[in-house]
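I have placed the structure first, in the form of structure tokens, so that the comments after it can refer back to it.
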Amino acid sequence: MGIKFFSDKARPVHLGPYPLERLERGAMPALGDLPRDLPLSFARPERPESIVNAMGEFQAMMDALRDGLVNKVRSAVPQDSTERSNHLKSFGYFNDVSMVGIGPVVPEAVLETPRRNPEIDRLAHALKTRQTKTLAAGIDLIMADLKESMEAPPSSTNGQGTALVFLIEHMRDPERGEPGSDWILDAQDHRACLRATETAIVIANYIRLLGWNAKAHTATSTDVDLGRLGVAAGLLSAEGDALVAPWLGTRYGLAVVTTDMDLAHDKPLAPMDKQPWFRTQGPAWWLGKGFAKSGLNQDPYRNRDYVKGAQPFELLKRVPTPTTYIDEARVARVPKRADMFARAQFGDMGKTLQDAAKGGYYVRKAAPSMAQRRALGAFVLLQDGESAVVEKPTNSERNAANLKAASHFLGVDAVGLSRCPEWAWYSHDATGEPIIPSHDQAISMIIDQGYETMEGASGDDWISVAQSMRAYLRFSLLGGVIAQQIRNLGYKAKAHTVMDGEVLQPPLLLLSGLGEVSRIGEVILNPYLGPRLKSGAVTTDMPMDHDQPIDFGLQNFCESCNKCARECPSGAITAGPKLMFNGYEIWKSDSQKCATYRVTTPGGAMCGRCMKTCPWNLEGLFAEAPFRWAAMKFPRLAKPLAELDDKVGNGGLNDVKKWWWDLELEADGAYRPTKEPLNRRDLQVDLDLKYADQTLAVYPAPLAPHPWPYPFPMDREAGILAYESMVSAEEYKARIADGDM
Ligand code: SF4
């Protein structure tokens, strides 16, 4: 939580959240005299409770992926080196790094002996011996990656080329005795390394996909000195024995990508004593005049315990049950095979859709999401495993505090704890095997999809799929670390990721108080992030205190607003009432229409337009607080507030924030400017969508496919009839009372 007085909507994304452009620049200092990086180890056997131990395998996995094959065919990207630099910086800021600088790979920064994470060998060995179902599916792919990384010659770091330097700032040091601080003490460097590495390996992979050499370098595996390159790239200045970042001092971590792509360089920083006071500490900095970070909001945890999270969740009204009815005794468990993307791939919806979905083409068709896909697949191999045989921590209150504080510290945007009832599990896994629910506790996590890029997007253009994948990847990393931490402490735990999950997340989000059911349908809306989120869950048998569901007035608001239904390009969102579906009261959308549009839209890659246009998708400004407060406190204001949102143009396009290139994968493997008309749609305020004019289909449990991986044709006529036979929660309860169900 931090106060933001001024919007940064006029600020291009490549400038970043800190006003780096206001700083004085100077000459390149003598880099050979500067202190060298110290290697970082993730092994902390003397403190088995430390979260650093749980990060180790994830860091090693990313180090194993820091190099790779370069696309043989170069993509058609802009020739201008400044445009390229701005684009790659924006990608870094999209990934939430604090600062990005670009400079030369100076000879003084090239290590004589490259440093290699010794954990990579241990991980490779461990993966070979872990015989789980998941591993069987992905082991060949990842072992090939590991082998390739081990055998790869040092590339593109011979004292030439360009370095992109990514900086992650430290937040407040957790204090001994602070609730939930048991696991996260002395872990700042490791947290920053992990998060900087996440960005570096994705962007290195992206550049290689475009056809240029690129290699990531981290605090654990590197061919270069990260700090010296930080100085050369204009992010750090040498002050005595320290390399100092503006506004942060020495509280940061770095990762680097070296490449032979021609990029414009930043100039080195002038020394700190040459920086004018009014540029670094004047009123503009303290008020954040037009940039996201300021002296007032720089660190959301400066005056807040990590256990509470960055947003004031403690102010929300808690209720014993979710605000929408769940008939727990009758919730029908369905196989994973019922997921619409699975159905598309197996041909249930016809050949056209199957071809478009085959091999995840909707992810591969855009280069940023394809670049994210590699690590996402690799983390599947780490999301489950054996538990340590140790004395387990049994205090449920303390466990809950540690789980929440550690998740927030790592960078999860909100966490909720609940039971994990059997009905929240799928009935069969992706192979058709029955799932026997193995854990009864759930840690639900949400990851913000990012306001700034959403502001530049129409929601269904060429960045949409990468917005989703970025959030899925973040959860796979951070949720995976939390699951590993629990296993290190002796309990069972599994992270349920987008690639391999066995629980339905919406009901868990409701039970754990992270949001309410919204008109969008399966999307649970959070009062501070709106619907602009992706979720993940870690299930476990660790005892923990639970959170309660929340009530912030959303049911009334969505009754009075149907902006998402009006703006949905596929017409999949209902403009009608909530109805009972598989035991849940929900505004049931037509998932078939939604999935079909997302997989086949020619003018973009996937879609999240409902999230983009919802009035709860807010920048987080002080001036927006009255809207949120009024929407929560005065149900009768819902309609005028929804109308006001349209009048002020919220949800429209902001071209200043459009940083991505509209490139599409072609048959030869290169990405080139798409020939299709772009999905750059603005608000359709004049459209008067009527429920009576909609034809929607649903596929409840009786129409669900068999659990096995071969076709089960979808019967849309039956789906339409199923929609028409759904009833309200009141009618449903009356039928139960009458003994009709
Ligand atoms: Fe609810 Fe309106 Fe947001 Fe749709 S756009 S989820 S109806 S508030």
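Values reported hereafter were calculated over all heavy atoms of this structure, with side chains retained and with hydrogens, waters and symmetry mates removed.
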Nearest non-hydrogen partners of [X] and [Y], listed with the distance:
X: L514; Y: I550; value: C-CD1, 4.0 Å
X: R470; Y: F94; value: NE-O, 2.6 Å
X: I120; Y: S221; value: CD1-OG, 4.1 Å
X: G92; Y: F166; value: CA-CE2, 4.1 Å
X: L185; Y: P174; value: CD2-O, 3.6 Å

Show your working on side-chain contact (heavy atoms from CB on, under 4.5 Å) between F291 and R22 and close with a plain yes or no.
CA-CA 11 Å; F291 31 86; R22 291 165 57 89; 4.2 Å; yes
Is a side-chain donor or acceptor of [X] paired with a backbone partner of [Y] at a separation under 3.5 angstrom?
X: Q484; Y: M55; result: no
X: R304; Y: G309; result: yes
X: Y301; Y: A310; result: yes
X: S294; Y: L287; result: no
X: Y252; Y: A192; result: no
X: D547; Y: G416; result: no
X: R474; Y: N95; result: yes
X: D551; Y: T323; result: no
X: Y93; Y: V100; result: yes
X: Q441; Y: D545; result: no

Nearest 0.5 Å, please: how far is [atom2] in [Y] from [atom1] in [X]?
X: T497; Y: Y472; atom1: OG1; atom2: OH; answer: 10.0 Å
X: T199; Y: D96; atom1: OG1; atom2: CG; answer: 7.5 Å
X: K215; Y: T222; atom1: NZ; atom2: OG1; answer: 8.5 Å
X: L315; Y: M632; atom1: CG; atom2: CE; answer: 8.5 Å
X: I524; Y: L533; atom1: CD1; atom2: CG; answer: 9.0 Å
X: H439; Y: C420; atom1: NE2; atom2: SG; answer: 9.0 Å

Heavy-atom neighbours of [X] [atom1] exceed 12 at 6.0 Å:
X: E21; atom1: CD; answer: yes
X: D273; atom1: CG; answer: yes
X: R398; atom1: CZ; answer: no
X: K492; atom1: NZ; answer: no

Is the closest basic N to carboxylate O distance between R115 and D37 below 4.0 Å?
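Looking at D37 together with R115, the answer is no, because their closest N to O distance does not fall below 4.0 Å.
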With a 4.5 Å cut-off on side-chain heavy atoms, are [Y] and [X] touching?
X: P320; Y: Q548; value: yes
X: K534; Y: V498; value: no
X: C193; Y: Q59; value: yes
X: L111; Y: D223; value: no
X: N205; Y: L65; value: no
X: L40; Y: T218; value: no
X: E175; Y: S181; value: no
X: W286; Y: Q281; value: yes

With sequence neighbours left out, write down each residue that passes side-chain contact (heavy atoms from CB on, under 4.5 Å) with [X], or none if nothing qualifies.
X: E624; result: L618, E619, L621
X: P179; result: D305, V307
X: S50; result: R44, R47, V52, N53
X: R302; result: Q298, D299

Residues Q275 and T280: side-chain donor-acceptor under 3.5 angstrom
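Side chains of Q275 and T280: no pair found under 3.5 Å.
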Parallel, tilted or perpendicular, as decided by the 30° and 60° cut-offs, for the rings of W285 and Y18
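Rings of Y18 and W285: parallel, as their planes differ by under 30°.
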Parallel, tilted or perpendicular: which one describes the rings of W616 and F552, with boundaries at 30° and 60°?
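Rings of W616 and F552: perpendicular, as their planes differ by over 60°.
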Given the ring of F409, does R191 sit roughly above its face, with NZ or CZ under 6.0 Å from the centre of the six-membered ring and within 45° of the axis?
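Yes, R191 and F409 form such a contact.
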Applying ring pair (Phe, Tyr, Trp, His ring centres under 6.0 Å) between H190 and each of F42, W183, F58, report the one that passes.
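By the ring pair (Phe, Tyr, Trp, His ring centres under 6.0 Å) criterion, H190 pairs with just one of F42, W183, F58: F42.
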With ring pair (Phe, Tyr, Trp, His ring centres under 6.0 Å) as the test, would you mind laying out the steps for F313 and Y528 before giving the verdict?
CA-CA 9 Å; F313 277 94; Y528 300 110; 5.3 Å; yes
Run the side-chain contact (heavy atoms from CB on, under 4.5 Å) test on I168 and L194 for me, step by step, so that the C-alpha distance in whole Å, both residues' side-chain angles and the decisive distance to 0.1 Å come before the verdict.
CA-CA 9 Å; I168 295 277; L194 194 84; over 6 Å; no
I need the full list of side chain to side chain donor-acceptor pair (under 3.5 Å) pairs touching residues 409-421, with sequence neighbours left out, sorted by first then second residue.
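Only E328-R419 qualify under side chain to side chain donor-acceptor pair (under 3.5 Å).
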Under the rule for ring pair (Phe, Tyr, Trp, His ring centres under 6.0 Å), what residues qualify as partners of F278, not counting sequence neighbours?
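Partners of F278 under the ring pair (Phe, Tyr, Trp, His ring centres under 6.0 Å) test: none.
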